[in-house]
Amino acid sequence: MAVLNAAFPILPVKFDDWQTWHNQFIADGPQRDGWEDQMRRYGITRQLVSIQRTPHGDFVIVLFEGDDPGAVFAGLASSDNEFDRAFAAKIKEVHGVDVSEPPPPISELVLEYDA
């Protein structure tokens, strides 16, 4: 199982938009089924999303687990799925990341503890 970590800035004045969007995916959210379908289609078996508020701005920290978690970015860039297209547009709106461009650098694992 592979793991991918990524940090995405939330653009200035976009936190409320991000929060409203994120709330669509919580347990009983109206977009939960679409999001879960998206994760299955890209082979993601686990995803964690955390918010990191800093003096330098707010960031979303995302962890993906799956056979090829990097496939999410390539998949979103070329998808003709309506949910994926809307998801990619929202990523660009709130994070300033265009999924049709090369993906952000992959995090480098520097320390691990596994009991």
Side-chain angles (χ1 to χ4, degrees):
M1 189 75 49
V3 174
L4 180 136
N5 283 335
F8 299 97
I10 298 176
L11 296 175
V13 306
K14 288 294 184 176
F15 185 82
D16 289 344
D17 290 346
W18 176 85
Q19 183 110 44
T20 298
W21 179 45
H22 168 78
N23 287 341
Q24 301 293 306
F25 309 117
I26 61 173
D28 293 327
Q31 295 292 321
R32 180 66 180 220
D33 290 344
W35 177 66
E36 287 184 356
D37 176 63
Q38 181 185 67
M39 293 297 99
R40 281 190 293 274
R41 286 186 286 110
Y42 294 115
I44 301 301
T45 56
R46 183 174 186 217
Q47 182 181 28
L48 301 174
V49 178
S50 303
I51 187 77
Q52 181 70 51
R53 302 196 86 163
T54 78
H56 306 290
D58 300 324
F59 293 83
V60 173
I61 313 300
V62 183
L63 176 136
F64 298 96
E65 279 185 6
D67 289 334
D68 182 11
V72 170
F73 297 105
L76 287 175
S78 62
S79 181
D80 60 1
N81 178 284
E82 184 178 332
F83 184 89
D84 287 357
R85 287 195 317 264
F87 199 87
K90 198 65 169 179
I91 289 172
K92 187 172 184 178
E93 178 187 333
V94 300
H95 298 293
V97 174
D98 184 344
V99 299
S100 68
E101 298 293 322
I106 301 303
S107 300
E108 177 185 350
L109 180 64
V110 296
L111 184 64
E112 181 175 2
Y113 171 79
D114 191 1

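The structure displayed is predicted, hence computed values, not measured ones. Note that the numbering runs from 1 along the sequence shown for the chain.
Taking 4.5 Å as the limit, some side-chain heavy atom of Leu63 sits within range of a side-chain heavy atom of Val3. Two residues are said to be in side-chain contact when any heavy atoms from C-beta on lie closer than 4.5 Å; Phe15 and Ile51 meet this criterion. In this structure, Phe87 and Val72 have side chains that are not in contact, with every pair of non-hydrogen atoms separated by 4.5 Å or more.
Hydrophobic clustering, with ILVMFWY side chains joined whenever heavy atoms are under 4.5 angstrom apart, keeps Phe59 apart from Ile91. Criterion: ILVMFWY side-chain heavy atoms under 4.5 Å apart, direct or through other members. Under it, Leu11 and Trp18 are not part of a common hydrophobic cluster. Leu4 and Ile61 are assigned to two separate hydrophobic clusters, defined by single-linkage of ILVMFWY side chains at heavy-atom distances under 4.5 Å. Residues Val94 and Val49 share a single hydrophobic cluster, defined by chaining ILVMFWY side chains whose heavy atoms lie under 4.5 Å apart.
With Phe83 as the aromatic partner, Arg41 does not meet the cation-pi criteria of under 6.0 angstrom to the ring centre and within 45 degrees of the ring axis.
In this structure, the side chain of Arg85 does not engage the main chain of Ser79 through any donor-acceptor pair within 3.5 Å.
If you take CG on Asn5 and CD on Glu65, they are separated by 9.5 Å, rounding to the nearest 0.5 Å. Distance check: Asp37 CG to Gln31 CD gives 11.5 Å after rounding to the nearest 0.5 Å. Atoms CG and CE, on Asp67 and Met1 in that order, are 5.5 Å from each other to the nearest 0.5 Å. Here the CZ atom belonging to Phe64 is positioned 11.5 Å from the OG1 atom belonging to Thr45, to the nearest 0.5 angstrom.
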Audit row: Lys92, Val97, side chain to side chain contact (heavy atoms under 4.5 Å, CB included) steps and yes/no: CA-CA 5 Å; Lys92 187 172 184 178; Val97 174; over 6 Å; no

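The side-chain contact (heavy atoms from CB on, under 4.5 Å) test with Trp35 singles out one residue from Gln24, Gln47, Arg40, and that residue is Gln47.
Taking all atoms of both residues into account, the shortest heavy-atom contact from Arg46 to Ile44 is O-CG2, 3.3 Å. When all heavy atoms of Ala2 and Pro69 are compared, the pair lying nearest together is CB-CD, 3.6 Å. The minimum heavy-atom distance linking Leu76 with Gln38 is given by the pair CD2-NE2, 3.4 Å.
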